[in-house]
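Chain letters run A, B, ... following the sequence lines, proteins first and then strands; every chain starts at 1.
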Amino acid sequence: MSLSVTGLSKSEKTLSRTIVTQPFQKETYNAVQLNMAALLRGLRAGRALRGLVRVVTAPTATNLQSGGLRRGFHRATLRLQDESKSDKHPSSSSPTYHEHYQAHHAEPDLAEGPQDDLTSDPAAEEASRPNTSYQDQGGEQGEEYETEEQLQARVLTAALEFVPLHGWSMEAIAAAAETLGLSSASTGMFYNGAGDLVLHFIAQCNSQLTEILVEQHNQVQLGQAEPKKTADFLRDAVETRLRMHIPYMESWPQAMSILLLPHNIPDSLKHLSTLVDDMWYYAGDRSTDMNWYTKRAALTGIYNTTELVMLQDSSPDFQDTWNFLDNRIQDVVNMAAAAKQAQATGETVVQGLMGAAVTLKNLTGLNQRR
Amino acid sequence: MAASMRLLLRRVIRYSHRDINVTAAGAAGRSGCCWGPSTCRCSSDDAGDRSTHFGFETVPETEKAKKVYKVFENVAQKYDTMNDAMSLGVHRLWKDVLLHVMHPQPGAQLLDVAGGTGDISFRFLEYVRSQQERQKRRAARSMQTPSWGDISSNYSSSEDEVSPQESRAVVCDINKEMLRVGKQKADSMGVTAGLSWVAGDAEELPFDDDRFDIYTIAFGIRNVTHIDQALQEALRVLKPGGRFMCLEFSKVTNPVLSRLYDAYSFNMIPVLGEVIAGDWKSYQYLVESIRKFPDQEEFKHMIEDAGFYCVKYYNLTGGVVALHSGFKL
């Protein structure tokens, strides 16, 4: 059978298996093949959506453990697959068995995706690492099934507790590594040092904010909450995001200065732009013209200035900062309204002038045709 | 002039070939720091038939350890001088880079294998001490206006102010002559605290498991007969999260520089060895052993095979020296 069965999902496999294991006859062979092809094409469309859903729900500890086990199986099955490739039989169950595992192998890879966003480490080692983890330590449990990025993310998350004491520095990371049972020398893994820690924290805050915004969005969809006005929504989003800095407020100037170092600027700008984009997206913005840029630029300006005001704020619960935020958002709203009005006025003025010009031409007789 | 040098070279080699069993091969390295006498005495029982390289010669595995031992025994006295002469002092920069990349935290335990004259260990202790002083200064500055809470907590925890574990460096070398020279250097420099000298074989380290934070081997692993065994031992004695660092001569990437390097190695270094230390063959061995060592990528794969993660290498001086680093996770 020439139909390729690689990369199919579980349900597609079961379907294909049930169809394929029926006794073959010449005349029904083609019919079966055509039916299966049509079915699989239909299922393939839904597979992409399901893949997305899996990505969102995959990152849990247990899933990753089983993902690691699947990866271990995958290495064994790869070797077997090479042997069985030569005598691939459509009706035999072994290739589909292998392809089943191969398809599932795609899932842990997808599951790794969101994890990588949370960590800020060079992905260069990732290519070589999975090969070695399962070659030698085949039977060992525990950390071998956790990738290096996950371990680094754990260390950085633990390091956040030591930031009030040591500041955003390698000492905080070293103290965290020791609490996790690793030697302090493992801080050498973080080539960017304190920059890694700050970027990790920012990524973590951004993903927390996204979760909150998604939750609100779902509630509005379900009808359990009222949709907010754009200005209020943005105000609440910015406030929620900035409140995550409060535990680290004393050392936040140090963190901001680390983010401004030249080698950190690309990463920090990337995080800022995705943050602002997310906020506007969940506020309902679907513009595709110049507005896309102006809106994000305005919100970036608001966010940055509010952050700076927060550094200097000593009022109870940062009330001054939220007032400042309110005023800035009001400014932008007013500016938008003013711009619209100016445009409308301009159009009317232009029309009036055109009318006056035509009238003048009529009066002076220049409009007559000879 | 080069031709006459080569004639001289050939004559000397022919002369010394008369008695091959004599301690041969000086291992002069350009940068000299390559003495890593941790050759293995690992002679396994039936290794008699297996042979390995000793410079460009082929010798039985059991022989290599002894030969390398003799090499370093000969050169121990003039080791540091030759290092400076051959590398024009650049070896100091290489070792400084090693320390900077290592960035040891206060309280770290270092095992310096093939440490010989102790260059890495001295630098390590100095680095850690200056870091501790910087931390103390920073703590003092922040405590200039202490709150009542700080003062009260100071009273209760005044004993724990000093870091609970002082950093220590253990220098391990198979060659007692090199260790002796190192000890003399330490005494003359006045460095005694936190330093110990142990005679041991890199393929069979006399330490327990999970003992050290950092394992370094500077210009020594190329002299080990079974490199993978040395890597396994490194993995064993390191704590979880510990770091393996290896400084070693490697393949030069730039072809022009490579030609110059070869010309310098084979023509200048043995001559310098003869003139300064009176030992041509040792330094001939050195230059040849550099050529027999695997290149950066291959060595990186060997380290990964031993079980280290996040393995990375840095090329120094255009690939003349490579610094490999891996973690035990």
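- Counting heavy-atom neighbours within 6.0 Å of B:E297 CD, excluding the residue itself, gives a total above 12.
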When the side chains of residues 100-111 of chain B are checked against the rest of the protein, which donor-acceptor pairs come out under 3.5 Å, sequence neighbours left out?
{"residue": "B:H103", "atom": "ND1", "partner": "B:Y127", "partner atom": "OH", "Å": "2.9"}
{"residue": "B:Q109", "atom": "OE1", "partner": "B:R168", "partner atom": "NH1", "Å": "3.4"}
{"residue": "B:Q109", "atom": "NE2", "partner": "B:E166", "partner atom": "O", "Å": "3.3"}

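- Annotation: ring-ring contact (aromatic ring centres under 6.0 Å, His included) contacts of A:F201 (sequence neighbours excluded): A:W168, A:Y248, A:W252.
- Annotation for A:Q208: atom CD counts as buried by contact number, over 12 foreign heavy atoms lying within 6.0 Å.
- Chain B forms the most heavy-atom pairs under 4.5 Å with one residue out of A:E171, A:M170, A:H166, and that residue is A:E171.
- Within the model, atoms OH of B:Y309 and OG1 of A:T147 stand 10.5 Å from one another, a figure rounded to the nearest 0.5 Å.
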- Message: Please determine whether side-chain contact (heavy atoms from CB on, under 4.5 Å) holds for the pair B:K312 and A:Y191, giving the CA-CA distance in whole Å, both sets of side-chain angles, and the decisive distance to 0.1 Å.
- Response: CA-CA 11 Å; B:K312 195 175 186 286; A:Y191 304 113; 3.2 Å; yes
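- For the side-chain contact (heavy atoms from CB on, under 4.5 Å) with B:K239, the qualifying choice from A:S186, A:S183, A:S184 is A:S183, the only one to do so.
- Contact of A:A174 with chain B is made through the side chain alone, with heavy-atom distances under 4.5 Å.
- Going from atom CE of A:M189 over to atom SG of B:C310 covers 5.5 Å, rounded to the nearest 0.5 Å.
- Atom CD of A:Q312 is surrounded by 12 or fewer heavy atoms from other residues, nucleotides or ligands within 6.0 Å.
- Here the CG atom belonging to B:L329 is positioned 8.0 Å from the CD atom belonging to A:Q152, to the nearest 0.5 angstrom.
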